[in-house]
Amino acid sequence: MGRWAEPGLLVLTSLAGGPKHGYAITTDITEQAGVTLGPGTLYAALQRLEERGLIEGLPAEGRRRPYRLTAAGAAELTGQAQRMRRLAALSLERLRLRPA
């Protein structure tokens with residue numbers, strides 16, 4: 001069941017709310033999704049997302065480097081969210097139809 005908590009998807013969702021640096025991303029994910037990403041997991045996800053062009057790093061603010069969602073990242077997140085919505089609707093419908 002870990003795919004619902006895929007680190008890359010969580011990071012994209014966090015950045016959909018606006019640019020954030022690593023600690024702010026981690027805090028947002030913990031508050032909104034109840035998932036705590038360790039530093040290694042977070043920065044590996046950030047690197048993969050940046051390599052795929054789904055996010056981009058902004059100029060550093062002191063020691064902190066903020067990231068933002070790219071247009072490609074927004075499109076990927078939209079597609080993932082729509083697939084999740086369809087699966088959730090199907091799951092709920094089938095649960096309602098299941099005999100007691």
Side-chain angles (χ1 to χ4, degrees):
M1 298 307 292
R3 300 226 8 120
W4 294 102
E6 152 76 42
L9 183 58
L10 293 169
V11 170
L12 292 176
T13 301
S14 178
L15 293 177
K20 294 177 187 68
H21 55 76
Y23 180 76
I25 294 169
T26 300
T27 301
D28 184 48
I29 290 170
T30 300
E31 290 173 357
Q32 299 303 317
V35 175
T36 302
L37 299 181
T41 301
L42 173 67
Y43 288 101
L46 288 171
Q47 182 177 354
R48 283 191 308 273
L49 293 169
E50 193 168 23
E51 287 171 357
R52 291 182 57 201
L54 302 178
I55 66 170
E56 62 185 356
L58 299 173
E61 298 171 354
R63 293 181 351 164
R64 297 176 173 174
R65 181 179 183 207
Y67 295 86
R68 72 174 165 205
L69 196 62
T70 63
E76 177 68 19
L77 180 57
T78 298
Q80 290 288 343
Q82 289 172 342
R83 282 186 286 284
M84 289 170 61
R85 182 188 312 173
R86 286 192 302 269
L87 179 58
L90 175 62
S91 299
L92 292 169
E93 180 62 27
R94 287 184 175 178
L95 285 168
R96 279 193 291 275
L97 295 176
R98 188 174 62 181

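All residue numbers in this chain count up from 1 along the given sequence. Every value quoted in this text rests on a predicted model; they were computed, and no experiment measured them.
Counting non-hydrogen atoms of neighbouring residues, nucleotides and ligands closer than 6.0 angstrom, the CZ atom of Arg64 reaches no more than 12 such neighbours. Heavy atoms of other residues, nucleotides or ligands lying less than 6.0 angstrom from CZ of Arg96 number more than 12.
Cluster annotation: Met84 and Val11 are assigned to the same hydrophobic cluster (Ile/Leu/Val/Met/Phe/Trp/Tyr, side-chain heavy-atom contacts under 4.5 Å, transitive).
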Report task. Using the side chain to side chain contact (heavy atoms under 4.5 Å, CB included) rule, take Glu50 and Leu46 through it: C-alpha gap first, then chi angles, then the decisive distance, then the call. Result -> CA-CA 6 Å; Glu50 193 168 23; Leu46 288 171; over 6 Å; no
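Closest approach of Glu76 and Arg83 over heavy atoms only: OE2-NH2, 4.4 Å. Scanning all heavy atoms of the two residues, the minimum distance from Ala16 to Leu77 falls at CB-CD2, 3.7 Å. Considering every non-hydrogen atom in both Pro19 and Leu58, the closest pair reads CB-CD1, 3.8 Å. The two residues Ser14 and Ile29 have their closest heavy-atom pair at CB-CG1, 4.1 Å. The two residues Tyr43 and Tyr23 have their closest heavy-atom pair at OH-N, 4.4 Å.
The CG atom of Leu37 sits 6.0 Å away from the CG atom of Leu42 when rounded to the nearest 0.5 Å. Separation of atoms CD (Glu6) and OG1 (Thr13) is listed at 10.5 Å; rounding is to 0.5 Å. To the nearest 0.5 Å, atoms CD1 (Ile25) and CG (Leu12) are separated by 10.0 Å. Here Leu90 contributes atom CG and Arg85 contributes atom CZ; the two are 14.5 Å apart, rounded to the nearest 0.5 Å.
At a threshold of 4.5 Å between non-hydrogen side-chain atoms, the residues Arg68 and Leu15 do not count as touching. Considering only heavy atoms from C-beta on, Glu93 comes within 4.5 Å of Leu97 through its side chain.
A donor-acceptor pair under 3.5 Å links the side-chain atoms of Thr70 to the main chain of Gly53, judged by distance alone. Side-chain atoms of Glu61 never come within 3.5 Å of backbone atoms of Pro66 as a donor-acceptor pair (strictly under, hydrogens ignored).
A salt bridge does not link Glu51 with Arg48: every distance from a Lys NZ or Arg NE/NH1/NH2 to an Asp or Glu carboxylate oxygen is 4.0 Å or more.
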